[in-house]
**Student:** 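Handing you a structure now.
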Amino acid sequence: MFGLVSLGYARLGDNRTVGTGERDMTSRVRWLLVFGLIVVTGAVGWTVYLGHVTPPTPPVARARVRKGPIQPAFTEDQLKQFLRDARQAEAIPDPLQRCLAYPEPPGVRWSKAVTSAYCHYLLDPAVTEAQARELIESGHVAELDQKLAAAQQAQFTQEGAQSLLDRTYNIAFAGNTDDARALMDAWLRQAPNSAYALAASGTAYVAMAQRQRGSAYSRETSQSSFEAMHRLIERARDDLDRAVALDPKMTPAYAAMIHAGALDSDRAYAFRAAKGALAVDPASFPTYGRLVWMSQPKWGGTVAQMQRIVDAAQKHAPQNPLLRLLLSERSGGEDYVENCACDPLDEDDLYRHVFAEAAPLRMLMSAGWAAANRNNIALSVVYRSELLRFDASQVDHRESRAFNLIMLGEPAWALDEGTALVKLAPRDETAYDVLGQAHRALGDASQAANDFEQALRLNPTDTWTLAAVGDIYVNVTHEWDKAWTVANRLVQLNPDDPQGWFMRASIQRAQPREGLEQTVSDFAARFGKVPGNDALVAQMRAIRQR
């Protein structure tokens, strides 16, 4: 039943897939960029294909009703100020201080109390993973238990310490690797009856189960993966049940139990765990957050059910400002954001109302993806910047934002981002594409070509990169043999995509090179029989006449 468990409320180790926003818009933004720059540089023929690179908008879930005139979400000056402040904050090395110093989005009034609490929730554990490892490996697990007991006491008694123990488990004990599992086993050997150790062990088992389950839909997941997931969940439930039996106030165990129930499609188990959690902590953000997520229509719930849970949570928001993050989900969560039948004015309206207050990671992910898909690049940059504020590990979204920054006239920042991304992920061809596109926007086509060529060494079949470097060969350096090789490679990789054909014809027309008539004829034969392609064929024939 559950295709993907949300981690917008707890980042489980290295598995930080969050909702359906995991679908990334990097390649789509890259296509818009390369064709946009082709127009700017004056391509000799294949720019005519620009209007055909945009995929269809997402399916419509529901229409929005406009109530009176709608003002833009923010002014150009507000956006520029936000970008300056965000770039300045991102230069701060310490993740927590960077998050706290980050600007709130332009045009809305996010509460500093909420964003500050979320920064601490995601980035400020009472015990770090490294500290826990040192204590376990040195045989000082009693000291580790004492530190966790102090965090648990603070969570229930100290103002500003909401979910302190929960966030410590999310950050320090939710690793899904074999190494993390070995560390939990070492802790249990030294303290087999420690509720803290049992809760940590169960949390780690759930993270491993999530890794086995993956993020694909059920029909796309192998039976062996499901079987491995079930085995891990059984072990997790044994440890978690023991943990809460030993200590009914062990809130991280309840959170992991809800996650396990969701993974295993055992809603009864998940809701029993939620009831137990709220009995000891009526203002539990992890509990309400997971209940809202489980109540989405795609997992068998309803929007009305989501709204009831969000409204119930708000009664406790004075005690825990993190609960105000859930207000963004009253309209239906990420599905509503992704499938909005939005025109540009509706997009601004959604931003001002759905995101009037700070939102969980998965909502920001979905909003960043959806805004880019609907060609609202400015909003996409804002959403993704706030996402990276709270979780800088989201490399795909960082890459997508870098392409967006170029489109907003910030190529220097994009270049800095590309340089950082290459250091962070030297085997990721998209990082080199960011560098290449930034260099191209800054007028350094030669270096851009070098960057794209490096990307192709990492992924020789990336058609976007082939088109980008081919554009440089055709329109800037006039390296016709290299351009010809690229055009033929594009046609070979995807003969039903017009871009390679247009590049081939442009080279034959501009160099000139023999065979233009044959290219036009072959193109017409391949594409002319498809309804709706008349304009494409006419554009190809127009190249011949120039």
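Heavy-atom basis, side chains included; hydrogens, waters and symmetry copies ignored. Computed from a predicted model, the values in this text were never measured in an experiment.
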**Student:** Under 3.5 Å, which donor-acceptor pairs do the side chains of residues 315-325 form with other protein atoms, sequence neighbours left out?
**Tutor:**
unit_1: Asn320; atom_1: OD1; unit_2: Leu322; atom_2: N; d: 3.1
unit_1: Asn320; atom_1: ND2; unit_2: Ala283; atom_2: O; d: 2.8
unit_1: Arg324; atom_1: NH2; unit_2: Glu357; atom_2: OE2; d: 2.8

**Student:** Would you check if the distance from the ring center of Phe452 to the ring center of Tyr432 is below 6.0 Å?
**Tutor:**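 No, the ring of Phe452 stays outside the 6.0 Å limit from the ring of Tyr432, centre to centre.
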**Student:** Do the side chains of Asp471 and Arg440 get close enough for a salt bridge, i.e. N-O under 4.0 angstrom?
**Tutor:** yes
**Student:** Under 4.0 Å between a Lys/Arg side-chain N and an Asp/Glu carboxylate O for Arg398 and Glu417?
**Tutor:** yes
**Student:** Can you name the closest pair of heavy atoms from Ser284 and Leu278 and give their distance?
**Tutor:** CB-CD2, 4.2 Å
**Student:** May I ask you to check whether Asp451 and Gln447 show a side-chain donor-acceptor distance below 3.5 Å?
**Tutor:**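 Present: a donor and an acceptor within the cut-off.
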**Student:** Does a side-chain heavy-atom distance below 4.5 Å link Trp187 with Leu144?
**Tutor:**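 A side-chain contact under 4.5 Å exists here.
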**Student:** Using 30° and 60° as the class boundaries, would you call the ring planes of Tyr118 and Tyr121 parallel, tilted or perpendicular?
**Tutor:**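 Plane angle under 30°, so parallel.
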**Student:** Does the gap between the ring centers of Phe355 and Tyr383 come in under 6.0 Å?
**Tutor:**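 Ring centres of Tyr383 and Phe355 closer than 6.0 Å.
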**Student:** May I have the step-by-step check of salt bridge (charged side-chain N to carboxylate O under 4.0 Å, His left out) for Arg362 and Glu329, ending in yes or no?
**Tutor:** CA-CA 10 Å; Arg362 62 187 176 83; Glu329 306 196 62; 2.4 Å; yes
**Student:** How long is the span from the CE atom in Met257 to the CD1 atom in Ile233, to the nearest 0.5 Å?
**Tutor:** 13.0 Å
**Student:** As a quick check of understanding, evaluate salt bridge (charged side-chain N to carboxylate O under 4.0 Å, His left out) for Arg389 and Glu104, giving each step before the final call.
**Tutor:** CA-CA 10 Å; Arg389 166 194 191 171; Glu104 311 304 348; 2.8 Å; yes
**Student:** Got a sec, which residues hit ring-ring contact (aromatic ring centres under 6.0 Å, His included) with Phe82, two or more places apart in sequence or on another chain?
**Tutor:** none
**Student:** Before giving the answer on side chain to side chain donor-acceptor pair (under 3.5 Å), spell out for Asp166 and Thr168 the whole-Å C-alpha distance, their side-chain angles and the decisive distance to 0.1 Å.
**Tutor:** CA-CA 5 Å; Asp166 295 294; Thr168 298; over 6 Å; no
**Student:** To check you understand the geometry: which heavy-atom pair defines the closest contact between Val354 and Val337, and what is its length?
**Tutor:**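 For Val354 and Val337, the tightest heavy-atom pair comes out as CG1-CG2, 4.3 Å.
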**Student:** Can any side-chain N or O of Thr75 pair as donor or acceptor with the backbone N or O of Gln78 at less than 3.5 Å?
**Tutor:** yes
**Student:** I'd like to know if Lys249 pairs up with Asp281 as an ion pair, taking the criterion as any Lys NZ or Arg NE/NH1/NH2 lying under 4.0 Å from an Asp or Glu carboxylate oxygen.
**Tutor:**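 No, Lys249 and Asp281 are not salt-bridged.
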**Student:** Indicate whether any N or O donor in one side chain lies under 3.5 Å from an N or O acceptor in the other, for Gln152 and Asp247.
**Tutor:** yes
**Student:** Hey, are the side chains of Leu100 and Ser116 touching, using non-hydrogen atoms and a 4.5 Å cut-off?
**Tutor:**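 Yes, their side chains come closer than 4.5 Å.
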**Student:** Does a salt bridge link Asp185 with Arg181, judged by any charged N lying under 4.0 Å from a carboxylate O?
**Tutor:**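 A salt bridge links Asp185 with Arg181.
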**Student:** Is there side-chain contact between Glu129 and Ile171, with heavy atoms separated by less than 4.5 Å?
**Tutor:** no
**Student:** Provide the closest heavy-atom pair for Tyr169 versus Ala200 in the form atom of the first, atom of the second, distance.
**Tutor:**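 Between these two residues, the closest heavy atoms are CE2-N, 3.3 Å.
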**Student:** Decide side chain to side chain donor-acceptor pair (under 3.5 Å) for Ser225 and Gln212; before the verdict, give the C-alpha distance in whole Å, the side-chain angles of both, and the deciding distance to 0.1 Å.
**Tutor:** CA-CA 5 Å; Ser225 293; Gln212 288 292 332; 4.6 Å; no
**Student:** List the steps and the verdict of side-chain contact (heavy atoms from CB on, under 4.5 Å) for Leu122 and Asp391.
**Tutor:** CA-CA 8 Å; Leu122 295 171; Asp391 186 0; 5.6 Å; no
**Student:** Go through it in stages, so that I can follow the logic: the residues are Leu458 and Asp428, the test is side-chain contact (heavy atoms from CB on, under 4.5 Å), and I'd like the CA-CA distance, side-chain angles, deciding distance and then a yes or no.
**Tutor:** CA-CA 7 Å; Leu458 294 170; Asp428 182 354; over 6 Å; no
**Student:** Would Asp239 and Tyr205 count as a side-chain contact (heavy atoms from CB on, under 4.5 Å) here? Give the steps.
**Tutor:** CA-CA 9 Å; Asp239 286 346; Tyr205 272 131; 3.5 Å; yes
**Student:** Spell out, as yes or no, whether a donor-acceptor pair under 3.5 Å connects the side chain of Glu137 to the backbone of Glu134.
**Tutor:**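 No, because the side chain of Glu137 does not come within donor-acceptor range (under 3.5 Å) of the backbone of Glu134.
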**Student:** Can you see which heavy atom on Asp348 is nearest to which on Leu379, and at what distance?
**Tutor:** OD1-CD1, 3.8 Å
**Student:** For the pair Gln162 and Phe285, evaluate side-chain contact (heavy atoms from CB on, under 4.5 Å) and give the outcome as yes or no after the intermediate values.
**Tutor:** CA-CA 9 Å; Gln162 301 93 348; Phe285 169 66; over 6 Å; no
**Student:** First locate atom SG of Cys342, then atom CG of Asn375, and finally report the distance between them rounded to the nearest 0.5 Å.
**Tutor:**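 If I round to the nearest 0.5 Å, the distance is 12.5 Å.
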**Student:** Do Leu135 and Lys147 have side chains that get closer than 4.5 Å, going by heavy atoms?
**Tutor:**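 Side-chain contact under 4.5 Å: yes.
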**Student:** Decide yes or no for Ser295 and Val292: does some side-chain heavy atom of the first lie under 4.5 Å from some side-chain heavy atom of the second?
**Tutor:** no
**Student:** Just how far is it from atom CD of Glu429 to atom CH2 of Trp464, taken to the nearest 0.5 Å?
**Tutor:** 11.0 Å
**Student:** Should Tyr351 and Phe74 be marked as a ring pair (Phe, Tyr, Trp, His ring centres under 6.0 Å) after you check the CA-CA gap, both sets of side-chain angles, and the distance that decides it?
**Tutor:** CA-CA 10 Å; Tyr351 172 76; Phe74 40 75; 5.6 Å; yes
**Student:** Quick one: CZ on Arg457 to CZ on Arg427, what's the gap to the nearest 0.5 Å?
**Tutor:**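 Those atoms lie 10.5 Å apart.
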**Student:** Roughly how far apart are Leu164 CG and Gln153 CD, rounded to 0.5 Å?
**Tutor:** 11.5 Å
**Student:** Check Gly368 against Ser380 and note the closest heavy-atom contact, atom names and distance.
**Tutor:**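 For Gly368 and Ser380, the tightest heavy-atom pair comes out as O-OG, 2.9 Å.
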**Student:** Would you give the length of the straight line joining atom CD1 of Ile377 to atom CG of Asn404, rounded to the nearest 0.5 angstrom?
**Tutor:** 4.5 Å
**Student:** Is Val434 close to Leu415 at the side-chain level, that is, under 4.5 Å between some pair of heavy atoms?
**Tutor:** no
**Student:** Assess the residue pair Tyr102 and Trp110 against the criterion (ring pair (Phe, Tyr, Trp, His ring centres under 6.0 Å)); give the C-alpha distance rounded to whole Å, side-chain angles, the decisive distance to 0.1 Å, and a yes or no.
**Tutor:** CA-CA 12 Å; Tyr102 214 86; Trp110 284 14; 9.9 Å; no
**Student:** Please report the C-alpha distance between Arg213 and Gln210 in whole Å, then the side-chain angles of each, then the deciding distance to 0.1 Å, and finally whether the side chain to side chain donor-acceptor pair (under 3.5 Å) criterion is met.
**Tutor:** CA-CA 5 Å; Arg213 174 61 182 84; Gln210 173 70 74; over 6 Å; no
**Student:** Might you point out which heavy atoms bring Pro72 and Arg352 nearest each other, and give the distance in Å?
**Tutor:**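 Of all heavy-atom pairs spanning Pro72 and Arg352, the closest is O-NH1, 3.0 Å.
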**Student:** Between Glu90 and Arg401, does at least one N-O distance fall below 4.0 Å, as a salt bridge requires?
**Tutor:** yes
**Student:** Scan Thr115, Asp85, Leu83, Val382 and name whichever one has a side chain to side chain contact (heavy atoms under 4.5 Å, CB included) with Pro103.
**Tutor:** Asp85
**Student:** Do Trp369 and Leu364 have side chains that get closer than 4.5 Å, going by heavy atoms?
**Tutor:**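 No. Closest side-chain heavy atoms not under 4.5 Å.
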**Student:** Using the rule given for salt bridge (charged side-chain N to carboxylate O under 4.0 Å, His left out), can you reason through Arg374 versus Glu347, listing the C-alpha separation, both sets of side-chain angles and the distance that settles it, and then say yes or no?
**Tutor:** CA-CA 9 Å; Arg374 295 191 286 261; Glu347 192 81 59; 2.5 Å; yes
**Student:** Can you name the one residue among Leu183, Leu188, Leu240 that meets side chain to side chain contact (heavy atoms under 4.5 Å, CB included) with Ser201?
**Tutor:** Leu188
**Student:** Would you indicate whether the side-chain heavy atoms of Tyr288 and Val310 approach each other to under 4.5 Å?
**Tutor:** no
